Protein chains: 2
Amino acid sequence: MSPSANRKHSIRRERILELLSGTKRHPTAEWVYEQLKREYPGLSLGTVYRNLRILVEEGLAQSIRGGKATDHFDADIAPHHHVTCDRCGKVSDAPVKVTEEFFKKMEKATGYRISFPQISVSGLCPDCQNQKSPLPE
Amino acid sequence: MSPSANRKHSIRRERILELLSGTKRHPTAEWVYEQLKREYPGLSLGTVYRNLRILVEEGLAQSIRGGKATDHFDADIAPHHHVTCDRCGKVSDAPVKVTEEFFKKMEKATGYRISFPQISVSGLCPDCQNQKSPLPE
DNA sequence: TTGTCTGCAAAACATTTGCACCTAT
DNA sequence: ATAGGTGCAAATGTTTTGCAGACAA
């Protein structure tokens, strides 16, 4: 499936996007699958993954680093901030300051309890800005 | 392995922590394994995972949501901020404002190019603050 | 008709776990 | 001696992919 191929109209893809648009959740592929399986009993999880990927490619949805996916480790245990490279997945420290008030606002706005005031942002790392480098980590 | 068991001295665990402490990278388990396999040819990847987990449990390292792990989706494609629940993995919107200057500072401090000014933070969601709820999503 | 989309099953990864043996205490 | 640590392989969980048939243009 090339990054910008000709698309046909697909009812599943349409419904997947509708589902995403119609919820405040930030669902996983699995959740989308469970919902839509009611409508389309034959639905395949592969189809959900494929279409989510396409929707992101087309800019109609975004994928979020979150959930339980934590596959990087750091021996610096003081709260500090990170940037992740969207291309190669590298994680680097971001030595910037964020005020305590900011996290208070976050707590107020979300109802979450932020015990570890640490921010992540993503972007393109210096290496990947020159597309030279392959994709190792 | 209970959350706070009695630990013995383990040379592998010690070396894993040293490796983490001695690098500015934020390595994956795989990377740690590759490095240490030179020293301990018989080393098992399972041992690396086990010890990373223990180090995090003991507060000697932290695990970072980053890398290529993106398993949640959102049809709201305008940059906005998120909180992730450390316990159940739920992701929610965080309607707070972050200045453009902040991201400029981030870019300056890291060399990354932040094309999508969006922040993630993690904490405990309201449901999980009352430990009642099980661990569904 | 043609190329895309889909279901299915297998494959590819990443991470965890059971088990028997090894080692620190 | 005893509980924790380790290697190994199998199990789990998640996401991707190859393929043959279905469908949209």
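Keep in mind the model is a prediction, meaning the values are calculated, not measured. In what follows, chains carry the letters A, B, and so on, assigned in the order in which the sequence lines appear, proteins first and then strands, with residues in each chain numbered from 1.
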When you measure from the side-chain N and O atoms of A:R53 to the phosphate of D:dT15, is any distance below 4.0 Å, counting only OP1 and OP2? no
Would you call B:D93 and A:R25 a salt bridge, taking side-chain N to carboxylate O under 4.0 Å as the test? no
Compile the donor-acceptor pairs under 3.5 Å between side chains in residues 100-107 of chain B and protein atoms, sequence neighbours left out, one pair per line.
unit_1: B:E100; atom_1: OE2; unit_2: B:K104; atom_2: NZ; d: 3.4
unit_1: B:E107; atom_1: OE2; unit_2: B:I114; atom_2: N; d: 2.7

Over how many whole Å does the gap from A:E14 atom CD to C:dT6 atom P extend? 11 Å
Counting only side-chain nitrogens and oxygens, does B:N51 get under 4.0 Å of the OP1 or OP2 atom of D:dT6? yes
d(CG, A:L52; P, D:dT15) in whole Å: 10 Å
Measure CG/A:L45 against P/C:dC8 and give the value in whole Å, please. 12 Å
Less than 4.0 Å between a side-chain N and a carboxylate O, is that true for B:R65 and A:D71? no
Look at A:S10 and D:dA24 and indicate whether a side-chain polar atom (N or O) is within less than 4.0 Å of OP1 or OP2. no
Could you tell me the separation between the CD atom of B:E30 and the C1' atom of C:dA12, rounded to a whole number of Å? 13 Å
Minimum-distance nucleotide to A:S44 side chain [options: C:dC8, D:dG7, D:dG4]: C:dC8
Where the side chain of B:L43 is defined as all heavy atoms beyond and including C-beta, which of C:dG7, D:dG7, D:dG5 is the nearest nucleotide? D:dG7
Integer-rounded Å distance: C:dT25 P and B:I11 CD1: 10 Å
Can you tell me the distance, in whole Å, between the CZ atom of A:R13 and the C1' atom of C:dG7? 16 Å
Nearest-Å distance, OH (B:Y49) to C1' (C:dA14)? 5 Å
When A:D71 and B:K8 are each assigned the nearest nucleotide of DNA chain C, the 5'-most assignment goes to A:D71
Check this for me, if you would: do A:R53 and A:E58 make a salt bridge, where the nitrogen-to-carboxylate-oxygen distance has to be below 4.0 angstrom? no
Tell me which one of B:L19, B:L43, B:L36 satisfies side chain to side chain contact (heavy atoms under 4.5 Å, CB included) with B:V48. B:L43
A:R12 side chain N/O closer than 4.0 Å to the phosphate oxygens (OP1, OP2) of C:dC5? no
May I have the distance from B:R50 (atom CZ) to C:dC19 (atom P), rounded to whole angstrom? 14 Å
